[in-house]
Structure formats: structure tokens, C-alpha cells
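First up is the structure itself, then whatever we jot down about it.
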Amino acid sequence: MAGSAIGGYAPSQDQAALGPHHSRPNLDGNRSILAAVLFTGAIAAALAYVAYSIYLDVGATGVRTTTYLPYILLFVALIIALGFEFVNGFHDTANAVATVIYTHSLPANVAVVWSGFFNFLGVLLSSGAVAFGIVSLLPVELILQVGSGAGFAMVFALLIAAIIWNLGTWYFGLPASSSHTLIGSIIGVGVANAVIHGRSGTSGVDWTKATEIGWSLLLSPVFGFMAAGALLLVLRFVVRNPALYAEPKGKEPPPWWIRGILIATCTGVSFAHGSNDGQKGMGLIMLILIGTVPTAYALNRALPDSAVAQFRLTSQAASEVVARKAAGYSIIGDPRPAVTAYVAAHKIEGGTYPSLSVLIKQIGEEVDRYGTLAKVPAEAVGNTRNDMYLASEAVRFLMKDKESELSSAEIGTLNAYKKSLDEATRFIPTWVKVAVAIALGLGTMVGWKRIVITVGEKIGKTHLTYAQGASAELVAAGTIGAADMFGLPVSTTHVLSSGVAGTMAANRSGLQLATLRNLAMAWVLTLPVAMLLSGTLYVIFSQVF
């Protein structure tokens with residue numbers, strides 16, 4: 001591995017030719033028994049906190065525990081989900097710390113702890129929009145039966161597949177995208193599930209949402225390359241201080257004002273990474289909780305009475321809109337199969353509107369009967385949640401469906417109803433955010449060296465300058481922050497590494513084509529390999545559970 005173009009730690013020929021004044025920063029840091037003890041203690045404390053939080057939430061429902069099997073499955077699933085976030089942490093740390101380390105703005109061990117802390121804060125303060133955007137890619141029939149064997153097979157397959165590919169690319173020092181990997185895993189499960197049930201593989205995924213996310217993943221590295229290069233050129237025109245465009249002199253830290261800029265950009269990327277990437281684990285953890293302990297997590301029992309009152313109003317208005325579309329049609333029996341078929345196929349049939357109208361009325365009657373979500377009986381919680389989720393997805397597709405011929409006023413009414421449904425079903429308890437934040441934060445503090453070397457040494461043919469590092473990280477932080485606002489998952493890895501490449505191109509520093517080829521290969525292979533891994537694992541696990 002020592003001389004590998006994609007792994008190992010020996011500098012490339014291009015870097016070796018630069019001379020001794022471009023010496024690598026100290027990437028080993030100081031290891032101590034105390035640090036190891038504190039690290040292990042933090043993991044133990046986090047697991048104890050998770051267990052205690054679940055104990056309190058389940059106890060608050062007043063339901064007696066008759067079997068411990070669901071809790072055993074829950075524990076295993078949570079360990080795997082938090083393990084994914086841990087791997088995500090050290091796989092993506094390089095995106096934030098490579099520039100501050102290679103410009104000698106911060107020592108490596110200080111940089112990763114600093115990054116870990118702001119990753120932690122980013123997760124805690126995240127919006128949650130990305131979490132459920134990822135979940136929306138999953139087949140609706142698997143989400144509705146997430147507590148079944150097929151549901152566990154789905155969760156285990158996609159998480160383990162994502163972990164395997166992340167570890168593989170990390171081992172070879174490739175900054176591949178954790179977001180790209182997870183989405184590929186989700187698509188693989190969806191396709192495999194459709195094929196198992198005798199349907200076309202293309203019917204197993206919400207391709208509209210997948211395309212939307214795919215464009216964000218495709219365009220973000222292109223934007224990172226161009227925007228970072230453009231920002232560097234603008235800086236050259238506006239800020240004429242030559243110190244900003246100089247390479248580090250040996251291991252001497254930069255002037256204080258440049259150092260402050262680089263630390264600030266590192267902080268911004270770390271926070272943005274936590275706020276975006278941390279949510280992917282949150283959404284999957286909520287699926288796990290809903291499947292194993294629905295009485296505590298299927299519905300947002302903390303929803304205030306005012307929100308429940310608002311739900312009644314939006315439900316009535318939405319019911320009237322759909323009922324008008326259903327005029328002249330009626331159904332007998334269960335409305336759910338027709339609504340589920342529409343959500344799966346996105347094709348309006350004769351029974352779509354009347355079935356959805358009946359389902360909306362039934363949901364409204366259930367909420368009216370109990371008065372508040374906190375009083376929904378344990379045995380009815382799962383069904384109520386599934387009905388709400390199904391109605392929400394159907395309304396989401398109707399609002400985008402040209403065949404629905406909805407007016408702007410009708411779309412506004414349905415959108416208000418969907419928001420009320422989502423408030424009841426799409427929530428994230430504080431302890432879930434804390435657990436994911438700890439896993440991601442601790443993950444940033446280990447295993448980061450391989451990819452830091454790739455970003456810091458193997459993209460350009462010259463040493464990273466202060467302005468290049470700041471430009472790449474400013475663009476990365478801004479792009480990821482904007483994506484979080486719009487609920488879109490983007491790749492921190494792709495944006496940052498392409499941003500570094502963009503600054504090298506703008507600076508006419510030259511690019512190491514071997515590294516770019518390997519990065520492009522990892523980018524191209526991530527989706528199909530993740531799909532193949534998760535699909536295969538899903539087929540295997542479907543036979544086990």
C-alpha cells in the first residue's frame with residue numbers, strides 16, 4: 001500500500017518533487033491512555049442514555065412489556081444505524097479538516113476534535129427535513145410494514161451495505177460520498193423488493209424523488225468545482241494581499257487573520273456536514289423505532305392541542321377538495337389498497353380519488369374520537385400512523401401530478417393538510433438527535449488520516465495555499481447549508497474535494513490526473529455497487545427474518 005495512488009501514506013511523485021519546504025504536517029498527534037478511556041466512556045455513556053430514553057418513552061405509554069424480542073432487534077438495529085453514522089464521521093472528516101491541517105492553521109489532533117464538536121452541534125440543531133427526504137425513497141409497502149421481517153431485512157440490508165462500501169473506500173483513501181452510498185443502498189433494496197414480488201424493478205423506488213436527489217448529488221460537485229475556482233479568482237481581484245495566496249512556509253502557521261479565516265471555514269463545513277449528513281441516520285433510526293416500538297414512536301404524542309385543532313381544520317378542507325374530484329364515484333370496503341396502488345405506481349385510476357377521500361375522512365374521525373394523539377390506544381397507534389403516512393404520500397404525489405388538474409388554491413389546501421399529517425408522524429425525539437450527534441462527533445475523531453492525505457496532497461500538483469483552502473471550504477459550507485434548508489442530501493465529500501480541484505485549476509497549479517481518475521471511478525461505482533450490495537443482502541435477510 002505504501003506507494004499506492006489511492007491508499008497508503010507515501011507522498012506522490014508530484015508532491016515529492018515539491019521540495020522539503022512543503023513537508024507534511026504531523027498527522028500522528030499525541031495518543032494517550034486517558035484519551036482512549038474518555039473516548040470509550042463517551043460511547044458507553046451514549047448507549048446508556050439511549051437505553052434509558054427508550055425505557056422512559058415506553059414507560060410513558062403505560063403498555064406492559066410481554067416479550068423482549070422487539071427490544072433485542074431494536075438494540076441490534078440501533079447499533080448498526082449508529083455505526084453507520086460513526087463510519088460516516090471518520091469517512092467525511094477530511095472534508096472539514098484537511099485545509100486547516102495542510103495550511104498549519106491547527107494541529108491535526110486539535111482540528112479533528114474541533115471538527116467533531118461542531119459536527120455534534122450541527123446534528124443537534126438540524127431541521128430534520130433531510131431525514132424524511134431520504135425515507136421517502138423507500139418503497140411505501142415496506143415503510144407501512146417496517147415492523148415485519150421484511151422491514152427489518154430492509155433496514156439491516158441498506159445500512160450494512162452502506163457501511164461496507166464506506167469502509168472500503170476509506171481503506172483506499174478515497175473520499176467517496178456517504179450520501180451517494182446510502183441512496184444507492186436504498187434504491188437497491190427497493191428494486192430487490194419489487195423483483196421478489198414479481199414486479200418490474202423500476203416500480204420499487206420513488207424515481208421522482210430519486211431523480212431530484214440524484215440531480216443534487218450530480219450537480220453539487222460540478223458547482224463546487226466551478227464556484228470555488230470562481231471565488232478564488234474574485235478574491236485575487238478584491239483582496240490584493242499576497243500573503244493570502246502564499247503556500248505555507250515549512251510548518252510555520254499562517255498570519256493570525258488568515259488562520260482565523262481558515263478555522264472559521266473549517267467550523268462552517270463541520271457544522272454543515274453535521275446538519276446534513278447526521279439527518280440520514282435519524283430518519284432510519286425513526287423507521288426502526290416505529291417498527292419495533294410503535295406505541296411510543298409511531299405518533300407524535302407531544303403534539304400540542306392547538307396543532308390537533310389545526311389538523312381538524314386542514315383535514316376537513318382537504319376532504320372537501322378530494323371529495324369534489326371523486327364526485328360520481330364511490331367505493332365499498334377498504335380504501336387503503338387503491339391509495340397504496342396510486343402511491344406505488346403514481347397513476348390515477350377510477351378508485352384513486354374516492355378511496356383517498358374515504359381515507360382522509362377516516363383519519364379525521366379517528367383523531368376526533370380520541371381528541372388528541374396522546375390518547376390513541378396502543379393497539380390503534382400503528383394503524384393510525386400508517387393511514388396518516390399513506391395519506392401524506394398520496395397527497396404529495398397528487399400535488400405534483402399533472403393529471404390531477406388541481407388549482408393553486410386546491411394545492412395550497414392539500415399542502416396545509418400534508419403539513420399537519422407530517423407533524424403527527426415525522427418527528428425526531430431529542431435523544432435520537434443526541435445519539436446521532438455523539439456517534440458522528442466521535443467518528444470524526446478516528447480514522448481520518450487516509451482521506452485527509454488524499455485531499456491535502458493528491459488532488460493538486462502544488463501545495464494548497466491559504467486562499468485555496470478558504471475558497472473550497474466556504475463554497476462547501478454554503479452549498480451544504482442551502483441543501484439542508486431545502487431538505488436535499490448533498491455530498492460533503494464531493495463538494496469539498498471538487499472545490500479543492502477547482503481552486504487548483506483556477507490557480508493553474510495543475511491537477512493530479514491519477515487521483516482525479518480514482519475519485520471519478522469511486523463516484524461512478526458508488527451507486528451501482530451500493531445497489532448490488534444492498535439488494536443482495538435484502539434477498540438474503542428476507543429469508544432469515
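- Of the inter-residue distances, the one linking L82 atom CG with I438 atom CD1 reads 9.5 Å to the nearest 0.5 angstrom.
- Atom CD1 of I411 and atom CG of L398 lie 10.0 Å apart (nearest 0.5 Å).
- Partners of R301 according to the side-chain hydrogen bond (donor to acceptor under 3.5 Å, both in side chains) rule, which considers only residues two or more places apart in sequence or in another chain, do not exist here.
- Remark: side-chain polar atoms of T267 are paired, donor with acceptor, to backbone N or O of I263 under 3.5 angstrom.
- Side chains of L284 and L159 form a contact here, defined as non-hydrogen atoms less than 4.5 Å apart.
- Without hydrogens or angle criteria, S126 side chain to V123 main chain gives a donor-acceptor distance under 3.5 Å.
- You'll find the side chain of S315 reaches within 4.5 Å of the side chain of Y417, heavy atoms only.
- Put simply, the side chain of S534 gets close to the backbone of A530: a donor and an acceptor are under 3.5 Å apart.
- The structure places CD1 of I288 at 7.5 Å from CG of L74, a figure rounded to the nearest 0.5 Å.
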Listing, residues 536-545 side-chain donor-acceptor contacts under 3.5 Å, not counting sequence neighbours, or none:
from: T536; atom 1: OG1; to: L532; atom 2: O; distance (Å): 2.7
from: Y538; atom 1: OH; to: N193; atom 2: OD1; distance (Å): 2.9
from: S542; atom 1: OG; to: Y538; atom 2: O; distance (Å): 2.6

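- Note that CD1 of I163 is 6.5 Å distant from CD1 of I80, once rounded to the nearest 0.5 Å.
- By the 30° and 60° cut-offs, the orientation of the rings of F117 relative to F120 is parallel.
- Looking at heavy atoms from C-beta onward, I285 lies out of side-chain contact with M282 at the 4.5 angstrom threshold.
- Between the CG atom in L421 and the CZ atom in R385 there is a gap of 11.5 Å [rounded to 0.5 Å].
- In this structure, R396 pairs ionically with E393, as a charged nitrogen and a carboxylate oxygen lie closer than 4.0 Å.
- Across A157 and V189, no two heavy atoms sit closer than the pair CB-CG2, 4.1 Å.
- Between N119 and S270, the shortest heavy-atom contact is OD1-O, 3.3 Å.
- Judged purely by distance below 3.5 Å, without hydrogens or angles, the side chains of D422 and S392 pair a donor atom with an acceptor atom.
- When all heavy atoms of W165 and T526 are compared, the pair lying nearest together is NE1-OG1, 3.0 Å.
- When side chains are defined from C-beta on, R426 counts as touching Y389, because their heavy atoms get closer than 4.5 Å.
- G184 and L527 make their closest contact through CA-CD1, 3.4 Å (heavy atoms, listed as atom of the first residue, atom of the second, distance).
- The closest donor-acceptor contact from the side chain of E410 to the backbone of V321 lies at 3.5 Å or more, if one exists at all.
- The list of side-chain hydrogen bond (donor to acceptor under 3.5 Å, both in side chains) pairs with a residue in residues 49-60, not counting sequence neighbours, reads D57-Y297, D57-W431.
- At least one donor-acceptor pair closer than 3.5 Å links the side chain of T340 to the backbone N or O of R336.
- Using modelled atom types, one side-chain atom of E85 and one backbone atom of G281 make a donor-acceptor pair closer than 3.5 Å.
- Using a 4.5 Å heavy-atom cutoff, the side chains of Y71 and V58 are in contact.
- Contact detail for L373 and N300: the closest heavy-atom pair is CD1-O, 3.7 Å.
- At least one side-chain heavy atom of Y342 sits less than 4.5 Å from a side-chain heavy atom of D401.
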Begin with the C-alpha distance, continue with both residues' side-chain angles, and end with the deciding distance and a verdict on side chain to side chain contact (heavy atoms under 4.5 Å, CB included) for W170 and V87.
CA-CA 9 Å; W170 163 81; V87 173; over 6 Å; no
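- Side-chain atoms of Q362 and E366 include no donor-acceptor pair closer than 3.5 Å.
- Between I363 and F311, the shortest heavy-atom contact is CG2-CZ, 3.7 Å.
- When atom types are taken as modelled, the side chain of S115 and the backbone of V112 share no donor-acceptor pair closer than 3.5 angstrom.
- For the atom pair CD of E320 and CD1 of I360, the computed distance is 11.0 Å after rounding to the nearest 0.5 Å.
- Around atom CZ of F427, more than 12 heavy atoms belonging to other residues, nucleotides or ligands sit under 6.0 Å away.
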